[in-house]
Amino acid sequence: MDSGSPGDAPAIELRGVSKVFRTPSGGAHPAVRDLDLAVGPSEFVAVVGPTGCGKSTVLTLVSGLDEPTEGDVLIGGEPVTGIRPEVGFVFQQDAVFPWRTVLSNVMAGPRFRGVPKARARERARDWLARVGLTAFEDRYPHQLSGGQRKRVALAQTFVGDPRILLMDEPFSALDVQTRALMSDELLELWGGSAASVVFVTHDLEEAISLADRVVVMTAGPATVKKIFPVGLPRPRKVEAVRLEARFVEIHREIWTSLGEEVRITRERGTHAA
């Protein structure tokens with residue numbers, strides 16, 4: 001089984017990780033089984049797999065929001081025992097406070113971590129400028145478009161200078177054009193940081209466009225089936241990179257592996273998360 005980048009001490013490591021949930025009827029639902037995966041410093045790893053296979057569970061285990069039933073989860077070589085300040089999490093649904101302005105939403109994280117108000121405001125305005133929302137700092141979330149709300153979410157995350165960035169289908173609700181723009185924006189923001197990224201998506205084209213490596217998960221309970229190096233040069237623009245011959249080649253290779261797991265899931269009739 002492939003895992004990690006040769007020569008790099010992992011920023012994230014999962015060793016023999018399994019997670020079993022209890023169902024309302026008292027039964028056991030294994031979401032992840034015997035999973036080994038390592039992510040290198042400043043590496044961008046995308047995770048793809050069939051619906052309901054357990055991809056999002058991997059993120060919650062790395063984030064410290066949940067604990068493995070078996071195995072070890074480590075960040076920087078240290079066991080994850082709870083939520084850590086160097087970990088940023090971008091959810092599928094926007095985690096914004098509807099009663100706060102855009103500026104106040106981005107300030108919230110630094111203020112919670114004890115940053116003085118004036119410094120938190122300065123940092124928040126800096127990140128709003130980077131995501132193109134300076135003119136919207138006094139707006140409320142309901143006054144923004146879907147793409148603008150995602151920019152707020154990115155600013156909320158990057159303002160904390162995360163060493164680990166976990167993203168759970170963050171752009172899935174956006175239209176195709178906005179999704180491409182947000183992908184380019186993410187790559188630009190990530191390129192200016194040292195964060196290691198784990199990006200869960202159902203969109204194989206999105207995974208290849210963004211990542212250094214693409215991890216294919218098995219039909220649930222999830223484990224790593226195969227890891228594919230992407231090998232496309234950086235910096236990238238997602239619409240341009242999708243026209244390259246290497247993109248088409250790696251897409252075909254990954255889909256051959258992923259498609260088998262999708263068919264297994266369909267044959268089982270499994271739709272539970």
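Residue indices begin at 1 and follow the sequence shown.
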*Decide side-chain contact (heavy atoms from CB on, under 4.5 Å) for F228 and I208; before the verdict, give the C-alpha distance in whole Å, the side-chain angles of both, and the deciding distance to 0.1 Å.*
CA-CA 9 Å; F228 294 84; I208 298 168; over 6 Å; no

*Would R234 and D212 count as a salt bridge (charged side-chain N to carboxylate O under 4.0 Å, His left out) if you check the C-alpha gap in whole Å, the side-chain angles of each, and the deciding distance to 0.1 Å?*
CA-CA 9 Å; R234 296 192 186 276; D212 298 310; 3.0 Å; yes

*asked:* Checking V62 against V198 for the side-chain contact (heavy atoms from CB on, under 4.5 Å) test, could you report, in this order, the C-alpha distance in whole Å, the side-chain angles of both residues, the deciding distance, and whether it holds?
replied: CA-CA 10 Å; V62 174; V198 182; 5.8 Å; no

_Show, in sequence, the C-alpha distance, side-chain angles and deciding distance for L59 and V200, and conclude whether the side-chain contact (heavy atoms from CB on, under 4.5 Å) test is met._
CA-CA 8 Å; L59 295 187; V200 165; 3.7 Å; yes

*Determine, stepwise, if the pair V47 / V58 fulfils side-chain contact (heavy atoms from CB on, under 4.5 Å).*
CA-CA 10 Å; V47 178; V58 174; 5.9 Å; no

*Verdict with reasoning, R263 to E260, per salt bridge (charged side-chain N to carboxylate O under 4.0 Å, His left out)*: CA-CA 5 Å; R263 286 189 289 274; E260 293 173 353; 5.1 Å; no

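The closest donor-acceptor contact from the side chain of T265 to the backbone of E261 lies under 3.5 Å. The main-chain N or O of V159 is found under 3.5 Å from a side-chain atom of R123 such that the two form a donor-acceptor pair. Remark: side-chain polar atoms of S196 are paired, donor with acceptor, to backbone N or O of S42 under 3.5 angstrom. Checking side-chain atoms of S104 against main-chain N and O of T101 turns up no donor-acceptor pair under 3.5 Å. No side-chain donor-acceptor contact under 3.5 Å links E244 to the backbone of V241. Listed for the K19 side chain is no donor-acceptor partner under 3.5 Å among the backbone atoms of D66. A donor-acceptor distance shorter than 3.5 angstrom exists from the side chain of D36 to the backbone of G16, with no hydrogens or angles considered. Distance alone, capped at 3.5 Å, places no donor-acceptor pair between the R213 side chain and the I227 backbone. No donor-acceptor distance shorter than 3.5 angstrom exists from the side chain of R125 to the backbone of L103, with no hydrogens or angles considered. Under a 3.5 Å cut-off, the side chain of T69 and the backbone N or O of V20 do form a donor-acceptor pair.
One distance of note links CZ of R151 with CD of Q156; it measures 14.5 Å at 0.5 Å rounding. Residue K237 holds its NZ atom at 11.0 Å from OG of S183, rounded to the nearest 0.5 Å. Atom CG of L133 is separated from atom CZ of R139 by 10.0 Å, given to the nearest 0.5 angstrom. Considering CD of E205 and CG of L210, their distance stands at 11.5 Å, rounded to 0.5 Å. In this structure, S56 OG and L65 CG are separated by 11.5 Å, a value rounded to the nearest 0.5 Å. With rounding to the nearest 0.5 angstrom, the CE atom of M182 is 10.5 Å from the CD atom of Q148.
Within the 4.5 Å cutoff, the side chain of M167 has heavy atoms near those of the L154 side chain. Side-chain contact check for L165 versus F158: some heavy-atom pair is nearer than 4.5 Å. Put simply, the side chain of V48 reaches to within 4.5 Å of the side chain of T201, judged on heavy atoms. Looking at heavy atoms from C-beta onward, K225 lies out of side-chain contact with T223 at the 4.5 angstrom threshold. Using a 4.5 Å heavy-atom threshold, the side chains of R111 and V115 count as separate. For the pair V197 and V45, the minimum side-chain heavy-atom distance is 4.5 Å or more. By the 4.5 Å heavy-atom criterion applied to side chains, L35 and S18 are not counted as neighbours. Between I164 and I12, the closest side-chain pair of non-hydrogen atoms falls below 4.5 Å.
The pair D126-R130 meets the salt-bridge criterion, since a charged nitrogen lies less than 4.0 angstrom from a carboxylate oxygen. Comment: E249 does not engage R252 in a salt bridge, judged by the lack of any side-chain N to carboxylate O separation of less than 4.0 angstrom. Ion pairing of E239 with R242 is present here, as a side-chain N (NZ or NE/NH1/NH2) and a carboxylate O approach within less than 4.0 Å. For the pair R236 and D184, the salt-bridge criterion is not met [side-chain N within less than 4.0 Å of a carboxylate O]. Residues R15 and E13 are paired through a salt bridge, judged by an N-O separation under 4.0 Å between the basic side chain and the carboxylate.
Hydrophobic clustering places F171 together with V96 (ILVMFWY residues linked when any side-chain heavy atoms are closer than 4.5 Å, directly or through intermediates). In the hydrophobic clustering of ILVMFWY residues, with side-chain heavy atoms under 4.5 Å counting as a link, L204 and V262 come out together. No continuous path of hydrophobic side-chain contacts links V152 to F89 [ILVMFWY only; heavy atoms under 4.5 Å]. Note: the hydrophobic cluster containing I83 does not contain F112 (ILVMFWY, side chain heavy atoms under 4.5 Å, direct or indirect links). Under a hydrophobic clustering in which Ile, Leu, Val, Met, Phe, Trp and Tyr are joined whenever their side-chain heavy atoms come within less than 4.5 Å, directly or via other members, V214 and W255 fall into the same cluster.
Residue T178 comes nearest to G147 through the heavy atom pair CG2-CA, 3.8 Å, listed as atom of the first residue, atom of the second, then distance. Residue K226 comes nearest to S257 through the heavy atom pair CB-OG, 4.4 Å, listed as atom of the first residue, atom of the second, then distance. Across every non-hydrogen atom of P221 and P30, the tightest pair is CB-O, 3.1 Å. Nearest heavy atom pair, residue C53 against residue T218, reads CB-O, 3.4 Å. Annotation for V131 and A155: closest pair CG2-CB, 4.2 Å, computed over non-hydrogen atoms. V32 and G54 make their closest contact through CG2-O, 3.9 Å (heavy atoms, listed as atom of the first residue, atom of the second, distance).
In F91, the CZ atom is crowded: over 12 heavy atoms of neighbouring residues, nucleotides or ligands sit closer than 6.0 Å. The number of heavy atoms from other shown groups lying within 6.0 Å of CD (E86) is above 12. Counting heavy-atom neighbours within 6.0 Å of Q143 CD, excluding the residue itself, gives a total above 12.
Between Y140 and H142, the ring planes are parallel. Angles under 30° get that label, and only those over 60° would be called perpendicular. Classification of the F199-F44 ring pair by plane angle, with boundaries at 30° and 60°, yields tilted.
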